[in-house]
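Numbering starts at 1 and runs along the sequence shown. Just so you know, these numbers use all the heavy atoms, side chains as well, and skip hydrogens, waters and symmetry mates.
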Amino acid sequence: MNALKYVLLWRKLRIILTNALERERGRLGSEQVEIVTDFLSNNEFGLAHDHLLDALSDLELTPLEETQGLLRKAASLMWPSE
């Protein structure tokens, strides 16, 4: 994959995961939001994805339906064979 394709993929992932975080922001603590935001700022999309899921799980919350769809989309872009 050439550099431009990676840049476009990263932008798409950032948008998708930021949207997922925004849907869950009110259900998470500010520290958890900050951690996910930091991962996104550093292009650590897999860590952002996993931390968002873990933070919700730690609070015994299920991701909202729309969030689940966004997280599935992000996962399919990051890990296409899974």
Side-chain angles (χ1 to χ4, degrees):
M1 187 180 291
N2 67 37
L4 178 58
K5 287 184 180 182
Y6 278 118
V7 170
L8 294 174
L9 176 62
W10 291 341
R11 286 181 184 167
K12 190 173 203 173
L13 284 167
R14 180 176 288 110
I15 290 167
I16 291 168
L17 291 167
T18 298
N19 286 338
L21 177 60
E22 288 306 313
R23 279 155 184 71
E24 300 292 350
R25 179 179 292 272
R27 303 170 75 204
L28 297 171
S30 60
E31 181 179 338
Q32 299 304 326
V33 171
E34 184 177 336
I35 291 169
V36 175
T37 301
D38 286 345
F39 285 142
L40 292 172
S41 296
N42 290 295
N43 297 327
E44 297 287 353
F45 303 116
L47 291 172
H49 175 279
D50 291 349
H51 190 80
L52 180 54
L53 282 174
D54 289 345
L56 289 166
S57 179
D58 288 347
L59 295 169
E60 298 182 2
L61 296 172
T62 301
L64 300 171
E65 188 173 326
E66 189 172 0
T67 304
Q68 290 178 30
L70 290 166
L71 292 173
R72 278 193 299 272
K73 177 65 175 172
S76 72
L77 292 170
M78 292 185 289
W79 307 294
S81 63
E82 294 185 14

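With sequence neighbours excluded, no residue forms a side chain to side chain contact (heavy atoms under 4.5 Å, CB included) with S57. For R72, there are no side-chain hydrogen bond (donor to acceptor under 3.5 Å, both in side chains) partners at least two apart in sequence or on another chain. Here E66 pairs with R23 under the side-chain hydrogen bond (donor to acceptor under 3.5 Å, both in side chains) rule; sequence neighbours left out. Taking the salt bridge (charged side-chain N to carboxylate O under 4.0 Å, His left out) definition, one finds that E22 meets it with R25, sequence neighbours left out.
The hydrophobic clustering, which links ILVMFWY residues whose side-chain heavy atoms are closer than 4.5 Å, places W79 and L77 together.
One finds the CD1 atom of I35 at 11.5 Å from the CG atom of L21 (value rounded to the nearest 0.5 Å). Rounded to the nearest 0.5 Å, atoms CD (E44) and CG (D38) are 11.0 Å apart.
E24 pairs with exactly one of L70, L61, V36, T67 by the side-chain contact (heavy atoms from CB on, under 4.5 Å) rule, that one being T67.
L59 has its side chain within reach of L28: a pair of non-hydrogen atoms, C-beta onward, lies under 4.5 Å apart.
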Can you give me every donor-acceptor pair (side chain of residues 45-55, partner residue at least two apart or in another chain, under 3.5 Å) with its distance?
| residue | atom | partner | partner atom | Å |
| --- | --- | --- | --- | --- |
| H49 | NE2 | L71 | O | 3.4 |
| H51 | NE2 | Q32 | OE1 | 2.4 |

Side-chain donor/acceptor pairs under 3.5 Å, residues 10-17, sequence neighbours excluded:
| residue | atom | partner | partner atom | Å |
| --- | --- | --- | --- | --- |
| R14 | NH2 | L40 | O | 3.3 |
| R14 | NH2 | N43 | OD1 | 2.3 |

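Between the side chain of R27 and the main chain of P63, no donor-acceptor pair closer than 3.5 Å is present.
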